[in-house]
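A short worksheet on the structure shown next.
Since we're looking at a predicted model, the values are computed, not measured. Hydrogens, waters and symmetry mates play no part in the numbers below; they use all other heavy atoms, side chains included.
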Amino acid sequence: MKKFGSLMLSLTLLGAVMAGCATQPADVLRVANETSFEKVKRQGYVSVGFANEKPYAYATPDGKLTGEAVEVARTILKKLGINQMDGVLTEFGSLIPGLKAKRFDIITAGMFINPERSKEVAFANPEYSIGEALAVKKGNPLKLHSYKDISTNNKARVAVMVGAIEKDYLTKSGVPEVQIITVPDQPSAISALQAGRADAITMTGPSLQAVLESAKDAGIERVMNFEQPVIDGKSMKGYGAAAFRIEDKDFREAYNQELEKMKSSGELLTILKSFGFTEQELPGDMKAEQLAK
């Protein structure tokens with residue numbers, strides 16, 4: 001009986017071992033075939049490439065990864081059940097090669113969507129837009145709402161920083177050189193407007209907003225219904241988004257679904273505002289596919 005009992009026990013143990021061995025190849029196969037999205041959900045963490053550029057993505061002095069693009073991604077990923085984000089600091093020009101080489105899973109650097117980049121990566125829908133902006137004296141006495149308005153009013157003078165792209169945009173919009181005042185820096189632009197040497201100042205939206213918040217001058221206001229310049233038939237407004245590998249379609253789709261919910265609820269604007277953006281920098285209904293053309 002003892003021998004029979006030992007034989008039965010051995011057979012039972014052997015069966016258990018064989019059963020375990022039978023399921024192991026299936027588990028290995030499942031992991032081998034899982035998508036990047038399935039992998040990061042299983043692991044509970046994701047690696048993101050960033051380029052240390054404020055306000056989009058940067059490391060604080062204590063080593064925390066933050067920024068507009070980072071916090072938007074962090075919020076969306078948590079909604080997808082991925083609670084940990086590991087940053088991989090990368091030069092901007094190496095972000096796309098790094099993503100394709102699988103050094104990280106997503107690019108969260110506020111990267112602009114354009115046709116060339118869209119051939120290399122799959123962009124999520126835009127989370128913000130960046131365009132030009134205009135500030136004037138309170139009440140906008142000259143009724144300036146575009147560069148064209150400046151060009152058709154020979155009394156309007158606009159201050160722009162030396163070397164800034166806005167000077168090219170102004171001249172290509174028909175603003176005569178005599179109406180353009182060049183200044184060395186942002187504080188000098190504000191001073192020119194305050195002193196009446198200029199009737200308007202212009203720079204990108206977030207930069208202008210930061211300057212106005214720093215100046216704390218109730219006599220100056222941002223033109224909130226500013227019309228973006230169109231140069232050579234193209235709008236100068238850019239749109240930034242997270243980027244995925246082209247094959248990671250399920251990851252991008254899930255990300256886009258949560259992003260759309262954040263747009264509708266106002267949660268996206270709340271995050272943008274914490275980094276100096278305003279309603280003017282919301283992406284509207286623009287989609288990545290439109291910007292990829």
Side-chain angles (χ1 to χ4, degrees), residues 53-56 58 67-69 71 110 112 127-231 235-240 266 268-284:
E53 180 185 8
K54 291 184 179 181
Y56 309 106
Y58 56 96
E68 171 275 324
E71 297 305 333
F112 274 14
E127 61 201 36
Y128 75 90
S129 65
I130 291 290
E132 301 306 317
L134 202 67
V136 295
K137 286 290 185 70
K138 188 174 180 61
N140 196 358
L142 295 184
K143 307 303 179 188
L144 304 175
H145 300 99
S146 67
Y147 289 170
K148 285 292 185 184
D149 286 346
I150 299 173
S151 72
T152 57
N153 186 336
N154 59 19
K155 293 182 179 180
R157 296 157 300 166
V158 57
V160 62
M161 287 183 292
V162 174
I165 191 65
E166 285 79 15
K167 187 174 187 296
D168 289 339
Y169 293 166
L170 286 163
T171 56
K172 289 182 178 180
S173 297
V175 180
E177 291 276 354
V178 69
Q179 291 178 231
I180 302 173
I181 300 169
T182 54
V183 293
D185 50 35
Q186 292 174 338
S188 299
I190 284 286
S191 296
L193 184 56
Q194 290 170 325
R197 296 193 304 274
D199 302 291
I201 59 175
T202 184
M203 56 193 76
T204 62
S207 295
L208 182 66
Q209 191 64 27
V211 167
L212 294 179
E213 290 175 2
S214 177
K216 295 182 174 62
D217 187 339
I220 297 174
E221 64 181 34
R222 180 173 174 177
V223 178
M224 296 307 289
N225 56 346
F226 178 72
E227 183 181 329
Q228 290 298 317
V230 176
I231 308 298
S235 172
M236 295 298 101
K237 196 167 192 177
Y239 293 81
L268 176 62
L269 179 58
T270 298
I271 295 174
L272 293 180
K273 281 185 173 180
S274 66
F275 292 96
F277 295 74
T278 70
E279 292 90 343
Q280 293 288 299
E281 281 72 55
L282 284 171

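- Formation of a donor-acceptor pair under 3.5 Å by the Gln280 side chain with backbone atoms of Met224 is found in this model.
- Contact of the Ile180 side chain with the Val178 side chain is not registered, since no non-hydrogen atoms from C-beta on lie closer than 4.5 Å.
- Aromatic ring centroids of Tyr128 and Phe277 lie under 6.0 Å apart.
- Although no hydrogens or angles enter the test, the distance criterion places no donor-acceptor pair under 3.5 Å between the side chain of Ser173 and the main chain of Val175.
- When side chains are defined from C-beta on, Asn140 counts as touching His145, because their heavy atoms get closer than 4.5 Å.
- Distance check: Leu208 CG to Ile220 CD1 gives 9.5 Å after rounding to the nearest 0.5 Å.
- When atom types are taken as modelled, the side chain of Gln179 and the backbone of Ala156 share a donor-acceptor pair closer than 3.5 angstrom.
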Side chains of residues 129-139: which donor-acceptor pairs under 3.5 Å do they make with residues two or more places apart or in other chains?
from	atom 1	to	atom 2	distance (Å)
Ser129	OG	Glu281	O	3.3
Ser129	OG	Leu282	O	3.1

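- Applying the side-chain hydrogen bond (donor to acceptor under 3.5 Å, both in side chains) test to Gln194 and every residue at least two apart in sequence or in another chain returns Asp217.
- Remark: Lys273 pairs with Glu279 by the salt bridge (Lys or Arg N to Asp or Glu O under 4.0 Å) rule, at least two apart or across chains.
- Exactly one of Thr270, Leu272, Ile271 qualifies for a side chain to side chain contact (heavy atoms under 4.5 Å, CB included) with Glu71. That residue is Ile271.
- For Lys167, the salt bridge (Lys or Arg N to Asp or Glu O under 4.0 Å) partners at least two apart in sequence or on another chain are Glu177.
- Looking at residues two or more places apart in sequence or on another chain, you find no salt bridge (Lys or Arg N to Asp or Glu O under 4.0 Å) involving Asp149.
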I'd like a table of donor-acceptor pairs (distance under 3.5 Å, sequence neighbours excluded) in which one partner is a side-chain atom from residues 181-190, with atom names and distances.
from	atom 1	to	atom 2	distance (Å)
Asp185	OD1	Ser188	N	2.9
Asp185	OD1	Ser188	OG	2.6

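- For the atom pair OG of Ser207 and CD of Glu166, the computed distance is 8.0 Å after rounding to the nearest 0.5 Å.
- For Arg157 (side chain) and Gly196 (main-chain N/O), a donor-acceptor pair under 3.5 Å exists by modelled atom type.
- Between atom CG of residue Asp199 and atom CG of residue Leu142 there is a gap of 5.0 Å, rounded to the nearest 0.5 Å.
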task: Decide side-chain contact (heavy atoms from CB on, under 4.5 Å) for Thr278 and Arg222; before the verdict, give the C-alpha distance in whole Å, the side-chain angles of both, and the deciding distance to 0.1 Å.
output: CA-CA 11 Å; Thr278 70; Arg222 180 173 174 177; 3.5 Å; yes
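- Although no hydrogens or angles enter the test, the distance criterion places no donor-acceptor pair under 3.5 Å between the side chain of Ser214 and the main chain of Val211.
- Under the side chain to side chain donor-acceptor pair (under 3.5 Å) rule, Tyr147 has a single partner from Thr171, Thr202, Thr152, which is Thr202.
- Relative ring orientation between Phe275 and Tyr58 is described as perpendicular, the plane-to-plane angle rising above 60° on a 0-90° scale split at 30° and 60°.
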